[in-house]
Structures are given as structure tokens and as C-alpha cells.
Asker: 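After the C-alpha cells below, expect a handful of questions from me.
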Amino acid sequence: MSGIWQALVGQDDVVADLQRAVADAESRTRGEPGPAMTHAWLFTGPPGSGRSTAATCFAAALVCPEGGCGVCQVCRTAPLGGHPDVEIVRPQGVNYGVDEARALVKTAGFSPANSFWHVVVVEDADRLTDEAVNVLLKSIEEPPPHTVWILCAPSVEDVLPTIVSRTRHVALRTPSARDVADLLVERYGVDRAIAAFAARASQGHIGRARALATDEHARIRRQDVLRMPLQLHDIPSCFMNAANLISAATEDAKAITDPLDLFEEEQLASAYGAGADVRIKGQLKRSMDAAIKDLAKRQKTRSTRTVRDQIDRALVDLMGLYRDVLFIQFDSGVPLINEEMRPQLSQLARQGGANDTGRRLRAISYARAQVQANVTPLLAMESLMVELKDPWIRSATA
Amino acid sequence: MLTIMARSSTPSRITIAFGAEAALVDAAVSQTVAAIRGQERDAQKVTVVASSPDGGVIIRDAGAPTLFGDSTILVVTGADSASDEVDEALRELIAMESDTVWLIVTHPGVVKGKNLMDALRKAGAVQIECAALKRGKETLDYLAREVASHKRHMAPDALTVLYDAIGQDLRLLTAAVSQLMSDVETDPVTADDVRSYFGGVAEVSGFAISDAVWDRRSVDAFRSLRWAMQSSDNVAVATVSALAAGLRSIVRVAGVGAGASEQDVAREAGVPPWQVKTLRRQWAGWSGDQRRLAASAVALADADGALKGGVIEGSSLDSEQKRMALERLIIQASGRGA
């Protein structure tokens with residue numbers, strides 16, 4: 001693999017398809033037919049499989065004069081949103097609404113500035129509200145001649161069928177642990193053993209694997225979560241673990257969003273010319289106050305979303321743990337995600353049957369849905385911990 | 001209903017409902033209208049918001065002589081913020097001394113618009129006081145008049161109990177009096193009668209419901225919930241969150257261990273020291289029934305999801321279903337046995 005496509009791990013088939021599309025896109029610029037290229041794409045793949053990377057690389061390759069050389073100015077700036085003809089939309093709030101979608105349709109219609117194509121990448125298209133999707137439909141179906149839409153989502157089921165039928169589908173698969181480990185060793189110079197652990201523990205989530213391989217704090221957090229199932233003795237301990245999980249998630253989310261918040265606030269203040277020794281007054285002050293309020297609102301939804309993402313990550317780790325327990329109970333010989341915890345996992349496996357573990361897994365996936373559905377996170381975790389301790393507790397609620 | 005006017009009184013051509021207590025203003029207007037219709041059955045009622053820009057036109061139309069001399073009841077609301085047109089049209093109207101127009105003006109009793117009010121008073125307006133009642137004796141006197149208007153009696157301590165239970169909301173107080181009058185057949189109505197109807201209403205907040213639930217007082221919990229839901233539509237989610245907070249405090253205190261002093265427990269569990277005793281008592285009440293308490297935590301999260309639009313798509317509830325979900329939750333949480 002060469003050029004800009006190096007960024008993709010374990011996706012050889014997808015890369016081949018996209019390279020064909022880039023070649024055909026090139027033919028189209030000369031007015032020749034190019035069946036492998038089209039104007040609307042849907043990139044799907046589980047979180048961390050690199051679907052956004054694939055989408056932005058494809059976008060860069062389309063606007064790169066060399067078709068994705070990976071070294072020119074265009075290839076280096078476009079994936080970061082630094083090229084005028086590549087627009088990268090990252091819905092940062094809990095979801096993406098009609099007003100934003102209308103504005104997007106307008107900018108999507110602009111003619112390209114420096115190349116033949118104007119590419120719009122929507123990361124997390126699953127966060128678009130149904131109303132916002134309906135606003136985009138028309139433009140996705142029949143965009144202006146030079147516009148290309150690339151939508152990203154975890155799976156086809158996460159977007160409306162009306163979108164699916166109007167786009168060409170590119171499915172990324174979860175990269176194998178070996179591929180991820182190789183990447184960690186080659187690109188980040190991680191020790192082979194740690195790379196192997198991180199690749200297994202992340203279950204193919206590349207960004208998560210990198211964090212686990214390079215950041216000790218992330219490893220400790222994960223350990224804390226995985227120890228929780230062994231600490232659920234009574235109601236107080238369930239509640240305490242729930243509280244710990246939430247406070248860790250909130251703290252980690254703050255570490256992500258606080259610097260962003262501060263940066264945005266400073267940018268806004270300097271845009272209005274405000275500073276330590278400058279007082280803004282009158283009309284300008286009112287306008288700045290409105291902008292600050294608006295910013296605060298967006299920051300709030302971003303922070304909510306980030307906390308939820310952190311909780312979800314912890315829950316995915318817990319699911320991995322009970323998956324291992326289930327495989328031990330079945331004595332299936334399948335490699336464990338948490339091989340290094342085998343003694344503790346065996347202990348958990350002996351404490352119940354496979355049907356208990358199945359119910360616990362279901363409880364975790366239900367708790368994930370609850371957090372997404374805006375159930376108070378702490379409450380959802382308390383409920384989950386209680387259910388992990390006693391998977392048949394729901395029979396007492398009838 | 002609120003009694004503002006003596007039943008026999010004849011309405012004046014011009015009436016001012018003067019004061020900020022909305023319940024009294026509404027009653028003053030509706031009773032004046034009723035009294036006017038008692039004299040002129042077919043009088044048409046026209047309502048004008050004083051601040052509206054086209055209010056002046058409507059008032060002039062209403063004041064214009066009609067072919068058959070029909071009467072018009074002209075209600076002008078919020079005269080403190082009357083537009084210039086309305087102000088002018090009203091002055092013209094009173095200068096006409098029309099005998100087909102009945103004018104009712106409401107004014108919140110502030111300084112603004114005083115000039116216009118004085119002009120109306122000079123023209124012979126009758127003023128009905130609708131100022132907010134002061135807390136205490138004034139409100140109690142009002143309640144006593146309310147009772148008298150039903151031609152019934154209530155013991156003074158019964159009035160106090162009712163007032164304590166419901167608070168300053170005149171609408172609720174009036175409704176409560178009329179409910180007592182129709183439901184309690186013995187006379188005079190006693191303090192015990194009042195308690196059996198309205199006991200525990202005053203502190204209807206999520207926390208009252210929570211306390212009742214975790215004390216396993218299901219009946220009180222139900223009564224509080226019904227009251228809370230009657231006074232506001234949006235208490236469902238707040239109730240769940242109060243219940244969750246209540247349960248959390250109990251469990252935290254339980255987690256600290258029985259030997260520790262109240263101060264230590266409070267600090268470690270993050271609850272106010274004066275609550276520790278109650279929380280310990282509540283925990284003790286569940287000692288033989290831990291599984292049910294644990295199940296409550298699950299039920300709470302489920303209810304929270306159901307009330308916030310459903311965890312699974314297409315499972316959102318209407319308001320009646322929400323009430324049922326909460327009641328089920330309370331049965332589950334506060335009941336005994338499996």
C-alpha cells in the first residue's frame with residue numbers, strides 16, 4: 001500500500017475499491033466515463049475501524065493532483081479540513097439539526113476552488129436528526145456536478161434507508177488484532193508485548209489501541225473498570241462502583257473538553273477584540289454576550305456527548321470481560337480479550353452459569369442504550385451494577 | 001368559586017378590577033359579567049387587551065350606537081400598559097356616557113396607568129379590590145368568607161390546617177374549600193376532616209414522595225404523587241430523580257458502617273448530618289428485603305428511560321401512561337413482600 005492509503009489498517013479491499021474510484025474520477029475530469037466514481041458515498045465500519053480516516057483520505061485523494069500521493073501539501077492538509085475543496089463536518093453536539101443541515105447544503109453547492117471536486121465529508125452521519133437528513137436528501141441524490149458527498153456511520157442500520165438507497169456503500173471491517181499491533185509497533189514504536197495487549201484489549205478500535213499502548217492513565221482506567229465485577233458484594237458496593245465509573249468518565253471527558261472550551265472562549269473574545277485590559281461596551285457587548293451564550297450551549301452538548309462516549313467505552317470494556325467469561329464457561333478455546341486477567345475471569349466464570357453471563361451481557365447493552373437515550377448516567381450505572389451482581393433481579397421487580 | 005361580589009348587588013356601568021391577584025381578577029370579571037347578564041340577558045361580551053395596537057378601534061366599535069340598542073360588555077385587560085389608542089378610545093367612551101356599554105377594566109394596581117384609572121373613577125367606576133392577600137390572617141379571613149358563602153361552617157383550627165397544608169395559592173385554596181364543602185356532610189367541618197383530605201399536601205415535592213417511598217409509606221407516597229401531578233404536568237422526571245437521590249443517600253449511609261458517628265457518616269456519605277438518623281432508619285426498614293431495594297434501582301432507571309421518551313425507539317409514553325409508570329414504580333419500590 002502506498003501514498004495516503006497507508007493510514008488505513010487492514011482494509012486492503014476497501015483501498016483497492018477507492019483507488020479505482022480515484023482513477024475513474026480522474027477520467028471524469030477529462031470528460032471520459034468513470035463508473036467506479038460516484039457522487040455520494042456511505043462509509044460504514046465499527047467505531048475505531050478507521051471509517052473517518054478512510055473517508056478523509058479518499059477526499060484528499062480526489063483533490064490531490066497525484067490522486068493521493070500522501071506527501072504533497074494537499075494530502076497533508078485536506079484530511080485535517082485545511083483544504084478549501086474538502087469540507088469535514090464533525091457533529092460535536094449530541095446530534096445535528098435542521099439548521100446546520102440547511103447551511104451545509106448551501107456550502108456543499110459551492111464550486112471547487114483549486115481542483116475538480118468539492119468533497120463534503122460528514123463524520124458521524126448517525127448523529128444527524130431525521131429532519132436534518134431529509135434536508136440533505138435532495139442534494140445527496142443530485143448534487144451539483146462537482147460535489148461529492150461522503151457520509152460516515154457505524155453501520156447501514158444507523159442511517160435512514162432513504163440515505164442508503166442514494167449512496168454507494170463502502171464497508172470497512174474491524175482490523176485484526178495482528179494488523180493493529182503491527183501498526184502500533186511500526187508507526188508509534190510501541191513495545192511488541194504492549195502493542196499486542198493494546199490491540200487485543202481495544203477489540204480492533206485503532207484510536208483506543210493507540211491510547212492504551214501509549215498512555216498509562218488509559219490503561220489504569222481500564223483496569224479499574226474491569227475490576228468492578230469482582231467488587232459487587234451488596235447494594236452499597238454496587239452504588240459505589242457506579243459512582244466511581246461516572247466520576248472517572250466525567251473527569252476524563254473534562255480533560256478532553258476543557259482545553260477545547262478554553263481555546264474557543266479565547267478565540268471568541270479575541271474575535272470581538274476583548275482582552276484583559278479592553279472593556280467591550282454597548283451594541284458590541286450585547287452581540288458578544290449572545291455569541292458567548294451560543295458557544296456555551298454548544299459546549300454543553302459537546303460535554304454531554306463526551307461524557308456519554310467515555311461511559312460507553314467503559315461499558316464496551318465490561319462487555320469484553322463478560323464475553324471472556326462466557327467463552328471460559330463454554331470452554332471454547334477462543335483467545336481471550338483480557339488474557340492477562342484469566343484467573344479472575346475463571347473465578348467469575350465459576351460463580352454462575354452461561355445463562356447468568358448472557359443476562360449480564362444483555363444488561364450492559366441495555367445500559368448502553370439507556371445512556372444514549374438520556375437516562376441519568378449515574379442512575380443507569382447504579383441499575384447496571386445491581387443487575388451485574390444479580391442478573392435475575394428483574395424477576396423481583398414484577 | 002371565589003366570591004367577590006355580594007349576590008344582590010347591581011353592577012355599575014364602569015367596573016375596575018384592581019389588583020395583582022389573578023384569581024381574584026378573573027373572579028371579579030366573571031361575576032360582574034354574570035351580574036350584568038342578570039339584567040340584560042343578551043349583552044355581548046367583547047374582550048380587548050389594552051396593549052394591543054388595534055384595541056382602540058375595537059373599543060370605538062363597541063361604543064358606537066347600535067340599530068336595536070343592544071348592550072355590549074366591554075372587558076379591557078391589563079390597563080396599566082394601555083396603548084395610546086386604547087387610552088384615548090376609553091376616555092372618549094366614558095365621555096359619551098353611553099347606556100348600552102358596560103365597561104370592565106382590569107389593572108394590576110401598579111402606578112403605571114394611574115391617570116386613566118383616575119379618569120374612570122371620576123366617571124363613577126366601582127372598584128373591586130383584587131390585591132394579593134397578605135399571608136396569615138387576611139387569607140384566613142378570606143377562607144372563612146369562602147366557607148360562609150357556601151352557608152357552612154368550619155372550625156378555626158380546621159381553617160388553619162387547610163391553609164398550612166395548601167399554602168398561599170388562592171385558586172387551590174378555593175378549590176379545596178369547595179371540595180370539602182361538597183364531600184364532608186357534617187357541619188362544622190373539623191380539622192380531622194381537613195387532614196384526611198389534604199394531609200401531607202404542603203410539602204408535595206419530589207422529596208416528600210421520596211421520603212414516603214423509602215419509609216415504605218405507600219399510601220402517603222401515592223397521595224403525594226397524585227397531588228404533585230395535579231399541580232404540575234412536569235413532575236414525572238423530577239420525581240424519579242428525587243427518588244433516585246433518596247435511595248442513593250440511604251445506600252451511601254449504609255455503606256459507611258454502623259459504628260461511625262453521625263458526623264463521620266455525614267462527611268463520608270456526603271449527606272447533611274441531620275439526615276443521617278432518618279437515612280439509617282430507612283435502611284434498617286429494608287434490612288430483610290434487600291433484593292427488593294436493589295430491584296428498585298433497576299426500576300428507577302427503567303422509569304427514567306420510559307419518561308424521557310423511551311430507550312427503545314417508538315416506546316414513548318403519553319401523560320396518562322407516564323402517571324401509570326410512576327405509580328407502578330411506587331408500588332414496586334414502597335410495597336412489601338415479593
Side-chain angles (χ1 to χ4, degrees), chain A residues 94-95 126 129-130 157-161 231-247 304 308 311 315 359-360 362-398, chain B residues 214 237-238 240-258 265 268-270 279-280 282-283 286-287 289-316 325 328-333 335 337-338:
Chain A
V94 175
N95 50 38
D126 51 314
T129 61
D130 289 359
E157 284 74 33
D158 290 313
V159 289
L160 287 181
Q231 299 165 345
L232 306 175
H233 314 299
D234 50 15
I235 305 179
S237 58
C238 287
F239 272 50
M240 202 175 72
N241 276 293
N244 290 346
L245 194 155
I246 294 296
S247 64
T304 306
R308 281 187 195 170
I311 296 170
L315 294 182
R359 285 185 88 100
R360 289 189 173 103
R362 206 171 60 185
I364 300 173
S365 77
Y366 188 64
R368 291 178 70 190
Q370 283 183 317
V371 172
Q372 291 312 316
N374 201 20
V375 171
T376 312
L378 182 54
L379 190 49
M381 291 306 105
E382 286 164 351
S383 161
L384 172 64
M385 293 300 166
V386 161
E387 216 176 338
L388 289 180
K389 179 189 172 280
D390 177 0
W392 299 88
I393 192 77
R394 277 176 188 276
S395 61
T397 66
Chain B
W214 304 124
V237 171
V240 170
S241 123
L243 283 170
L247 176 59
R248 203 167 289 136
S249 301
I250 296 173
V251 170
R252 278 197 188 144
V253 167
V256 179
V265 173
E268 210 156 309
L279 292 166
R280 278 179 161 166
Q282 287 175 328
W283 173 255
W286 289 92
S287 59
D289 218 357
Q290 293 255 323
R291 194 148 186 266
R292 197 180 178 101
L293 189 65
S296 301
V298 176
L300 275 171
D302 283 353
D304 197 42
L307 294 171
K308 284 176 177 169
V311 172
I312 299 149
E313 206 162 321
S315 59
S316 65
R328 250 200 320 273
L329 176 67
I330 287 180
I331 294 174
Q332 141 68 27

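Since the model is a prediction, treat every value here as computed from it, not as a measurement. Sequence lines set the chain letters: A, B, ... in the order given, protein chains first and strands last, and positions in each chain run from 1.
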Asker: Check whether any side-chain heavy atom of A/Phe239 sits under 4.5 Å from a side-chain heavy atom of B/Arg252, and report yes or no.
Answerer: no
Asker: Highest number of heavy-atom pairs under 4.5 Å with chain A: which of B/Val256, B/Leu300, B/Leu307, B/Val253?
Answerer: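 Sorted descending by pairs with chain A, the first entry is B/Leu300.
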Asker: Kindly give the heavy-atom pair with the smallest separation between B/Arg291 and A/Ser395, and that separation in Å.
Answerer: NH2-OG, 3.7 Å
Asker: Considering all heavy atoms of both residues, which atom of B/Ala297 and which atom of A/Val386 are nearest to each other, and what is their separation?
Answerer: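 Smallest interatomic distance, heavy atoms only, reads CB-CG2, 4.2 Å.
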Asker: Given a strict heavy-atom distance threshold of 4.5 Å, which part of B/Val240 is in contact with chain A: side chain, backbone, both, or neither?
Answerer: side chain
Asker: Take B/Val251 and A/Glu382 through the test side chain to side chain contact (heavy atoms under 4.5 Å, CB included) and record every step on the way to the result.
Answerer: CA-CA 11 Å; B/Val251 170; A/Glu382 286 164 351; over 6 Å; no
Asker: Can you find a pair of side-chain heavy atoms, one from A/Leu378 and one from B/Arg248, that are under 4.5 Å apart?
Answerer: yes
Asker: Rounded to the nearest 0.5 Å, what's the gap from CD1 on B/Ile250 to CD1 on A/Ile235? Could you check?
Answerer: 10.0 Å
Asker: Look only at the side chain of B/Asp304 and the backbone of A/Thr376, and say whether a donor-acceptor pair between them is shorter than 3.5 Å.
Answerer: yes
Asker: Please state whether the side chain, the backbone, both or neither of A/Ala369 comes within less than 4.5 Å of a heavy atom of chain B.
Answerer: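 Backbone plus side chain of A/Ala369, per the 4.5 Å heavy-atom cut-off to chain B.
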Asker: Do you know which two heavy atoms are closest between A/Ser383 and B/Ala301, and how far apart they sit?
Answerer: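 It is CB-CB, 3.4 Å.
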